[in-house]
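Only heavy atoms go into these numbers, but all of them, side chains included; no hydrogens, no water, no symmetry mates. Both ligands and their constituent atoms are indexed starting at 1 by order of listing.
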Amino acid sequence: MNGLIENTRNGALQRNLLRKMLQSKVFKFGEFQLKSGQISPIYIDLRECFGYPDLLMLISEALSKLIDSSSVEYSGVVGVPYAALPYASVAAGQFLKKPLLITRKEAKSYGTKKLIEGLYKQGDQVILIEDVVTTGGSILDVVRVLKDEGLVAKDVYCILDREQGGREKLQEAGVTLHSLLNMESVLTFLLSTGSIDENQWNGIVNALNLKYSQPVRLNISGEIEDLNKLPYVDAGRTSLKDKENLTESPLNKKILSIMRKKKSNLCLAIDYTTSEQVLQLAERAGPFVIAIKVHADAITDFNEDFTQKLTTLANDMDFVIFEDRKFADTGNTTQLQLRGIQKIASWADVVTAHAIQGNDSISGVFREFIADPAYRLSGVLLIAQLSTKGSLTALNGYTEEVAQIANENRDVISGFIAQTRVSNFSDLLNWTPGVNLDVKSDSAGQQWRGVDEAIDIQQNDIVIVGRGVTSSNEPVQQLKRYRQTAWDALVKNEPADN
Ligand SMILES: O=C(O)c1cc(=O)[nH]c(=O)n1[C@@H]1O[C@H](COP(=O)(O)O)[C@@H](O)[C@H]1O
């Protein structure tokens, strides 16, 4: 029930699922005779859901998130025939990346004569996917077939638990039911969005013999939410001190200590085009920021004198130098570029890299530079999500793959450029651009949002602010404003020792 109001991706998936079901007319209102003979004012026909491709995808994604969050070990996914097969296929193949198994109702009279199709071996633990659970009878039939073949099946995931005794019956047989929705969440959603009134609520509760005493109204809008605006993972908050102890990245050790000392999680993006302008603002910004981000190739008079002055400022004023180079080539080319005309590895503490070229061209290459004391470079941020409208980083699965590369190389990859938290490892820091307290977009595709959304809801750690400061006539005033707002949003959810 609480999932319906949770400010998390799982909560939003649940709400969107109900919104789409409502739009797709899966909930039918009228007078319907149920199997029990009783008359119900509602009929929920989940068999219609896979007729709508977006609903099929949404349900499969939500089931996959439910499966992931239950931390159950399994080697295959079984769809309960027939209605759950589309969801099991999409969930297994697209989201969970696990083998799909199906059970037959009747053994074939020819060929292998198997009752279970797919790849498995005796002793494998599998999970089941079902669409609606009423009594649990069809699930138990499938569990019996699986057991007879030597498979272990102890967990079943369904879209809707009708709360008609199925959960208890399954529990008696040693099977745990995990459901995306139950009748209570469906009725609460319908009532809260004005789709049914209290009379209808009472009628449904009576017809289905449900044991609820009072209808609950929640603050839920009927609007479809943009799932990309929500964290990819619902990671618990970790204090900065704990992150500092936990991190394997030399860059993060330094940054987390600066953050706590300066009480700042602000990175200033100085996209000026002359070295003098950049240095002047860097000097004024020094006391308020933990990092200064530049695009060296946008500075028209870039030279070694500039990098020397910038590194002196950084050392004296305790901030890190961030070159936003976005490397994206083969490992060999990246090595050449790091040492090339701009000698990036010699003056930048941290650089950005895309992940499009794959892990073999990323982690090993940067590890070599980070381990070598001749270079200043001590960390890399992977581009997990871009802030621009229509960015291809939103393509299904891309961000998750980037997070995976970082998860496996936390000594080198110190975090992400992202819009929302993308990894469960809290020591990987989320740096987020696209922040402006006063404006929502520019004319070149940039999308901005406020600090509360970026830090509090989307669970980022560090905000990258550019024109919010650099276009202002009073940059120092803006720096103080962004520093305070971002820091307040960060420490709001943290233990007092920060
Ligand atoms: O890699 C980045 O820093 C970056 C990624 C992204 O998705 N969006 C984004 O705006 N940036 C950079 O962050 C800075 C944002 O500056 P403003 O748009 O002026 O606030 C610019 O330097 C961008 O190049």
Q. What do you reckon, does H295 put a non-hydrogen atom under 4.0 Å from ligand 1?
A. yes

Q: Evaluate the criterion side-chain contact (heavy atoms from CB on, under 4.5 Å) for residue pair K20 and R15; output intermediate values, then yes/no.
A: CA-CA 9 Å; K20 287 257 183 211; R15 290 189 293 274; over 6 Å; no

Q: Look at atom 23 (C) of ligand 1 and say which protein heavy atom is nearest, naming residue and atom and giving the distance to 0.1 Å.
A: K293 NZ, 3.9 Å

Q. Any idea which protein heavy atom is nearest atom 1 (O) of ligand 1, and the distance to it?
A. K326 NZ, 2.8 Å

Q. Which one holds for Q419 and ligand 1: side chain close, backbone close, both close, or neither close, with close meaning a heavy atom under 4.0 Å?
A. neither

Q. Is atom NZ of K309 surrounded by more than 12 heavy atoms (other residues, nucleotides or ligands) closer than 6.0 Å?
A. no

Q) Just checking, R410 and F425: is the charged tip under 6.0 Å from the six-membered ring centre and within 45° of the axis? A) yes

Q: Measure L386 to ligand 1 on non-hydrogen atoms and call it side chain, backbone, both or neither using the 4.0 Å cut-off.
A: both

(Q) At under 4.0 Å between heavy atoms, is it the side chain or the backbone of P433 that contacts ligand 1, or both, or neither? (A) side chain

Q) For D324 and ligand 1, does the shortest N/O to N/O distance drop below 3.5 Å? A) yes

Q) N/O of F322 under 3.5 Å from N/O of ligand 1, yes or no? A) no

Q | Contact atoms of ligand 1, heavy-atom distance to R467 under 4.0 Å | A | 17 (P), 18 (O), 19 (O), 20 (O)

Q) Take atom CD in E276; do more than 12 heavy atoms of anything else shown fall under 6.0 Å from it? A) no

Q. Does a sphere of radius 6.0 Å around CD1 in I341 hold more than 12 heavy atoms from other residues, nucleotides or ligands, not counting ones at 6.0 Å or beyond?
A. no

Q | Which residue and heavy atom of the protein sit nearest atom 16 (O) of ligand 1, plus the separation | A | G466 CA, 3.7 Å

Q | Nearest heavy-atom neighbours spanning I129 and A88 | A | CD1-CA, 4.0 Å

Under 3.5 Å, sequence neighbours excluded: what are the donor-acceptor pairs made by side chains of residues 429-436?
residue, atom, partner, partner atom, Å
N430, ND2, T420, O, 2.8
N430, ND2, N460, OD1, 2.9
T432, OG1, A418, O, 2.7
T432, OG1, R449, NH1, 3.4
T432, OG1, R449, NH2, 2.7
N436, OD1, D438, N, 2.9
N436, OD1, V439, N, 3.2
N436, OD1, Y482, OH, 3.4

Q: Could you tell me if any non-hydrogen atom of N436 lies under 4.0 Å from any atom of ligand 1?
A: no

Q) Between K243 and D427, is there a side-chain N and carboxylate O pair less than 4.0 Å apart? A) no

Q: Under 4.0 Å, heavy atoms only, figure out whether ligand 1 is touched by the backbone of Q446, its side chain, both or neither.
A: side chain

(Q) Quiz question: by atom type and distance under 3.5 Å, do the side chains of T307 and E304 form a donor-acceptor pair? (A) no

Q: Applying side-chain contact (heavy atoms from CB on, under 4.5 Å), run through F95 and L63 and close with a yes or a no.
A: CA-CA 9 Å; F95 295 104; L63 282 168; over 6 Å; no

Q. Can you list the ligand 1 atoms lying under 4.0 Å from a non-hydrogen atom of S387?
A. 6 (C), 7 (O), 8 (N), 9 (C), 10 (O)

Q. At a 4.0 Å threshold, what atoms of ligand 1 neighbour a non-hydrogen atom of D271?
A. 21 (C), 22 (O)

Q: Examine the proximity of ligand 1 to W448 and report which part, side chain or backbone, both or neither, has a heavy atom under 4.0 Å away.
A: side chain

